Amino acid sequence: MSYMTANKGGSASSGSETAETPILCESCLGPNPFITMTKQSYGKECKICDRPFTVFRWKPGQGSRFKKTEICTTCATIKNVCQTCVLDLQYGLPVQVRDSALGLKSQMPTSDINKQYYVNNQEARIADSAASGSQILSAIGPATSAGHDMLKQLARNRSGGPNYNRNKPHLCSFYAKGECKRGDACPFRHELPVQNNLSNQNIKDRFHGRNDPVAKKMLSSAASDAGLTPPDDREVTSLFLSSLPEGITDAEIRTWFVSNVSTLEPHQIKSITLVATSKCAFVNFRTRHAAEEAALRCSAKMELGGQQIRVAWGRSRPKKAGTAGAGAGATVSAATTAKEV
Ligand SMILES: [Zn+2]
Ligand SMILES: [Zn+2]
Ligand SMILES: [Zn+2]
């Protein structure tokens with residue numbers, strides 16, 4: 001299957017204000033290789049960096065609605081996403097899914113002043129690399145093939161190709177209320193709305209890869225495929241690693257998590273209990289959220305010293321009245337129960 005192409009013009013465009021060609025995915029472009037676009041310089045403010053940019057508008061095929069670019073080429077290039085749907089160009093998946101699978105950390109600040117400064121800097125970098133002919137998509141960085149395998153699988157599960165359904169006209173709000181009198185002449189779609197996650201998605205969240213309901217759903221199904229569904233007991237905040245390579249240190253395990261889990265800060269790992277003789281370890285996180293993020297990353301695959309590591313959730317602590325302590329006690333009881341697996 002072919003995924004997304006950058007723009008049909010070929011090379012990446014540089015400089016948001018002077019963009020000659022938009023950066024779009026195949027789905028947003030539509031099935032017709034020859035489409036007419038209108039172009040409006042400084043037409044709108046980019047929904048991410050707030051700077052004015054060139055807005056392109058086109059109709060991606062028969063029976064589809066007009067589409068337009070929503071974010072500038074610089075922002076799209078920084079994240080390697082489509083300027084219209086803001087999905088990853090290579091896989092057609094949400095940024096949050098891509099970044100979790102590949103362990104990419106977002107460098108982009110979200111506060112107004114820092115954001116503009118960052119985008120301006122990146123724009124200069126993009127222009128430089130275009131001039132020298134080098135690739136700018138360093139945002140995508142070096143990544144484990146395990147992460148890419150997971151993304152390929154998720155992309156296949158999803159549609160297996162461009163999804164032109166996304167270009168259909170918006171739903172007719174009058175039809176939903178039984179009040180549309182325009183019949184066939186109505187430019188909107190006469191279908192009843194289905195409550196789905198995509199309907200209330202925010203473009204900034206999608207871009208920055210946070211609080212993305214679609215991503216969350218995809219990632220949790222990937223986690224369950226990998227046997228890493230978070231346990232119901234919210235007190236469980238540790239992951240159990242087994243088949244670790246000989247001579248591994250807890251520092252190496254810590255480094256792997258910090259550099260591979262996109263949202264994880266070093267202080268969020270509370271402790272690591274390594275049992276060298278049985279080649280297993282407990283990684284104890286400060287919060288349930290951190291543990292869940294780490295488990296999602298491990299759904300793709302965890303490799304250390306060229307060896308695939310088995311990852312499972314820690315077990316619940318047996319309920320004992322009056323034991324308040326965390327830490328060592330928790331680890332030991334979890335360690336003993338884990339051996340029963
Ligand atoms: Zn922008
Ligand atoms: Zn798109
Ligand atoms: Zn209607």
Side-chain angles (χ1 to χ4, degrees), residues 3-8 13-19 21-31 35 37 42-58 60-61 64-95 98 108-110 112 114-126 139 155 158-159 161-193 198 201 203-204 206-208 214:
Y3 294 105
M4 308 303 172
T5 53
N7 51 61
K8 284 194 176 170
S13 17
S14 68
S16 58
E17 289 82 4
T18 55
T21 43
I23 301 171
L24 295 169
C25 72
E26 277 183 47
S27 299
C28 289
L29 273 169
I35 44 171
M37 290 196 173
Y42 307 106
K44 268 193 182 343
E45 285 182 357
C46 166
K47 287 191 174 150
I48 303 301
C49 69
D50 308 327
R51 304 177 316 161
F53 76 109
T54 307
V55 176
F56 290 88
R57 210 165 170 270
W58 71 100
S64 53
R65 67 172 189 270
F66 272 93
K67 300 198 89 169
K68 65 178 192 324
T69 49
E70 308 285 353
I71 67 173
C72 74
T73 53
T74 303
C75 287
T77 306
I78 290 170
K79 291 274 185 183
N80 196 40
V81 293
C82 170
Q83 273 184 274
T84 297
C85 67
V86 197
L87 294 171
D88 173 67
L89 284 169
Q90 190 179 353
Y91 294 106
L93 296 171
V95 170
R98 179 194 71 196
M108 189 163 176
T110 45
D112 285 347
N114 294 340
K115 184 172 69 181
Q116 296 243 352
Y117 177 77
Y118 177 83
V119 171
N120 286 334
N121 269 339
Q122 290 298 310
E123 189 162 87
R125 267 193 61 214
I126 293 165
R158 212 178 188 206
S159 63
N163 179 2
Y164 300 130
N165 280 339
R166 291 208 311 254
N167 302 337
K168 287 203 263 183
H170 288 301
L171 291 176
C172 175
S173 57
F174 292 97
Y175 178 79
K177 290 182 275 178
E179 290 169 6
C180 184
K181 300 196 170 66
R182 287 182 285 191
D184 288 345
C186 180
F188 298 102
R189 200 147 44 103
H190 281 187
E191 275 170 36
L192 290 173
L198 270 168
Q201 219 187 346
I203 204 164
K204 282 199 168 115
R206 201 193 299 179
F207 179 87
H208 290 291
V214 178

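All ligand and atom numbering here is 1-based and tracks the order in the structure. What you are looking at is a predicted structure, and each value in this text was computed from that prediction instead of being measured.
A side-chain donor from one of His170 and Arg65 sits under 3.5 Å from a side-chain acceptor of the other. The closest side-chain donor-acceptor pair between Asn120 and Arg51 falls under 3.5 angstrom.
Pairing each heavy atom of Phe188 with each of Leu171, the nearest pair is CB-C, 4.0 Å. Minimum interatomic distance between Thr73 and Ile23 (heavy atoms only, all atoms of both residues): O-CD1, 3.9 Å. Between Asn80 and Asp88, the closest heavy-atom pair is O-OD1, 3.3 Å.
For the pair Lys79 and Phe207, the cation sits on the ring face: its NZ or CZ lies under 6.0 Å from the ring centre, inside 45° of the axis. Cation-pi contact between Lys177 and Phe174: present, with separation from the ring centre below 6.0 Å and deviation from the ring axis of at most 45°.
For the atom pair Cys72 SG and Lys44 NZ, the distance stands at 15.0 Å (nearest 0.5 Å). The CH2 atom of Trp58 sits 4.0 Å away from atom CG of Leu24, with the distance rounded to the nearest 0.5 Å.
Tally of protein N, O or S atoms closer to the Zn ion (ligand 1) than 2.8 Å: 4.
At the Zn ion (ligand 2), the angle from SG in Cys25 to SG in Cys28 is 110° when rounded to 10°. Vertex the Zn ion (ligand 2); arms to Cys85 atom SG and Cys82 atom SG; angle 110° (nearest 10°).
Electrostatic pairing of Glu70 and Arg206 does not count as a salt bridge here, judged by no charged N lying under 4.0 Å from a carboxylate O.
Note on the Zn ion (ligand 3): protein N/O/S atoms under 2.8 Å are Cys172 SG, Cys180 SG, Cys186 SG, His190 NE2.
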